[in-house]
Amino acid sequence: MKIAIMGAMPEEVAPILEKLGTYKTTKYADNEYYEASYKGVDIVVAYSKIGKVFSTLTATTMIQHFNCDKLLFSGVAGGINPSLKIGDLIVATKLSQHDLDITAFGHPMGFVPGGSVFVEADQGLIELSKEVAKELGKTVQEGIIATGDQFVHDEKVKENIVKHFNADALEMEGGSVAVVCKSLNVPFFILRAISDTADTDASFSFDEFMESSAIISAEFIMKMVDKV
Ligand SMILES: CCCCCCN(CO)Cc1c[nH]c2c(N)ncnc12
């Protein structure tokens, strides 16, 4: 069993690397991959850099080059569902790409031929997260996450994403990681802690809360590794 733990930014994986203590660093495809054994589990950690292209490359590399057979993503997200407050955790039940648009040809937003609007996360890992949440006495929401190559800081964009995807949160990597894992038949789990609410002051909120929210998500993910 080899587990991939992925984030998009250094701050999202730093708490995980700290927990691992010692690890081997491998430079590959303009990135770094950190390997360690944690409580008898082989782990590869990396942050992809921001956006769908970088996250596609890293997820594919972790699976194809480092032979990971499960992928856990830990990071932060913009909250859409008003029930999601700063620091709250959301587990993706399914994910979409909100900026994939060939609606000019009558297709739904987020759809291209051969693809699907939504990709569902692994139910087994979602069930595992419920066990962890119970043990930690934490409430973790499950919901739809929409992914696109933009930092959303506008109510209108949020509303449009809700209209098309009924999304509860948004970010910039999960939807592409989902496609990679589904196509390569690797169970995946996307966990995010809310850093902002994707409105006009999102960038200020992100700057203030990203680090603390990233820690919340990372700590939960590491509890999942104990049981995976
Ligand atoms: C230096 C700026 C780095 C932004 C990276 C943000 N990540 C992307 O995965 C998560 C995220 C948190 N809040 C968001 C928002 N409002 N829109 C998009 N993505 C997000």
Side-chain angles (χ1 to χ4, degrees), residues 4-16 31 45-60 62 71-92 94-101 109-110 119 121 140-141 143-181 188-221:
I5 303 181
M6 193 177 153
M9 301 176 71
E11 297 85 347
E12 292 172 326
V13 302
I16 291 157
N31 206 345
V45 180
Y47 67 90
S48 58
K49 294 171 280 193
I50 295 160
K52 292 193 284 172
V53 174
F54 282 131
S55 55
T56 297
L57 173 59
T58 293
T60 304
M62 289 176 118
L71 188 146
L72 310 178
F73 191 104
S74 178
V76 299
I80 300 178
N81 187 318
S83 68
L84 288 169
K85 307 298 177 213
I86 301 289
D88 283 355
L89 288 168
I90 178 166
V91 168
K94 58 185 182 180
L95 300 103
S96 62
Q97 295 180 66
H98 67 70
D99 57 355
L100 187 55
D101 180 351
M109 186 63 94
V119 176
V140 179
Q141 288 201 42
I144 297 170
I145 291 184
T147 301
D149 281 323
Q150 60 182 220
F151 183 83
V152 176
H153 57 114
D154 179 320
E155 280 300 337
K156 287 257 170 299
V157 174
K158 271 174 76 172
E159 283 158 21
N160 203 37
I161 289 170
V162 171
K163 189 178 90 183
H164 290 292
F165 305 98
N166 193 28
D168 297 288
L170 55 84
E171 32 87 313
M172 300 172 73
E173 297 85 22
S176 43
V177 169
V179 171
V180 168
C181 292
F188 72 93
F189 177 81
I190 309 278
L191 179 72
R192 297 277 185 164
I194 301 303
S195 54
D196 58 275
T197 47
D199 47 23
T200 42
D201 63 2
S203 58
F204 302 106
S205 175
F206 178 85
D207 284 344
E208 185 178 353
F209 297 110
M210 182 269 284
E211 215 155 331
S212 53
S213 290
I215 290 168
I216 293 168
S217 179
E219 285 177 347
F220 192 96
I221 280 288

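Whatever order the structure lists ligands and atoms in, that order sets their numbers, starting from 1.
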Item to check | Ligand-residue contact atoms, ligand 1 with Leu170, heavy atoms, under 4.0 Å | outcome: 15 (C), 16 (N), 17 (N), 18 (C)

Checklist entry - Looking at ligand 1, does any of its N/O atoms fall within less than 3.5 Å of an N/O of Ala198? => result no

Item to check | Check: Ser83 and Gln141 side chains under 4.5 Å, non-hydrogen atoms | outcome: yes

Checklist outcome for this item: So the atoms of ligand 1 within less than 4.0 Å of a heavy atom of Gly78 turn out to be 12 (C), 13 (N), 14 (C)

Next on the checklist: What protein heavy atom lies closest to atom 3 (C) of ligand 1? Include the residue and the distance to one decimal.
Outcome noted: Ile50 CD1, 3.5 Å

Checklist entry - Distance-only, no hydrogens or angles: does the Ser213 side chain make a donor-acceptor pair with backbone N or O of Phe209 under 3.5 Å? => result yes

Checklist entry - Which residue holds the protein heavy atom closest to atom 13 (N) of ligand 1, what is that atom called, and what is the gap in Å? => result Asp196 OD1, 2.6 Å

Checklist entry - Taking atom CZ of Phe54 as the centre, does the number of heavy atoms from other residues, nucleotides or ligands within less than 6.0 Å exceed 12? => result no

Next on the checklist: Minimum heavy-atom separation for Met172 and Asp149, please, with both atom names.
Outcome noted: CE-C, 3.7 Å

Checklist entry - Between the main-chain N or O of Ser205 and the side-chain N or O of Glu208, is there a donor-acceptor pair closer than 3.5 Å? => result no

Next on the checklist: Under a 4.0 angstrom heavy-atom cut-off, which atoms of ligand 1 come close to Glu173?
Outcome noted: 8 (C), 9 (O)

Item to check | For atom 10 (C) of ligand 1, the protein heavy atom that lies nearest, with its residue and separation | outcome: Val76 O, 3.2 Å

Checklist outcome for this item: Of Ala77, Ala8, Ser203, Gly51, the residue with the heavy atom nearest atom 11 (C) of ligand 1 is Ala77

Item to check | Value rounded to 0.5 Å, distance of CG in Leu84 from CD1 in Ile194 | outcome: 4.5 Å

Item to check | Atom of Thr147, atom of Asp99 and distance for their closest heavy-atom approach | outcome: O-OD1, 3.9 Å

Next on the checklist: Under a 3.5 Å threshold, yes or no: a donor from one side chain and an acceptor from the other, between Ser217 and Ser74?
Outcome noted: yes

Checklist entry - Does Met210 reach ligand 1, in the sense of a heavy atom lying below 4.0 Å from it? => result no

Next on the checklist: Check for me whether Gln150 has a heavy atom closer than 4.0 Å to any atom of ligand 1.
Outcome noted: yes

Checklist outcome for this item: closest protein heavy atom to atom 17 (N) of ligand 1 is Val152 N, 2.9 Å

Checklist entry - Is Ser195 in contact with ligand 1, taking contact as a heavy-atom separation below 4.0 Å? => result yes

Checklist entry - Would you say ligand 1 has an N or O under 3.5 Å from any N or O of Glu12? => result no

Checklist entry - So, does Gly75 sit close enough to ligand 1 that a heavy atom of it is under 4.0 Å from the ligand? => result no

Checklist outcome for this item: of all protein heavy atoms, closest to atom 2 (C) of ligand 1 is Phe206 CE2, 4.0 Å

Checklist outcome for this item: among protein heavy atoms, the one nearest atom 4 (C) of ligand 1 is Phe151 CD1, 3.7 Å

Next on the checklist: Would you say CZ of Phe189 has more than 12 non-hydrogen atoms from neighbouring residues, nucleotides or ligands within 6.0 angstrom?
Outcome noted: yes

Next on the checklist: I'd like to know if the side chain of Asp168 reaches the main chain of Ile90, judged simply by a donor and an acceptor atom lying under 3.5 Å from each other, with no hydrogens or angles considered.
Outcome noted: no

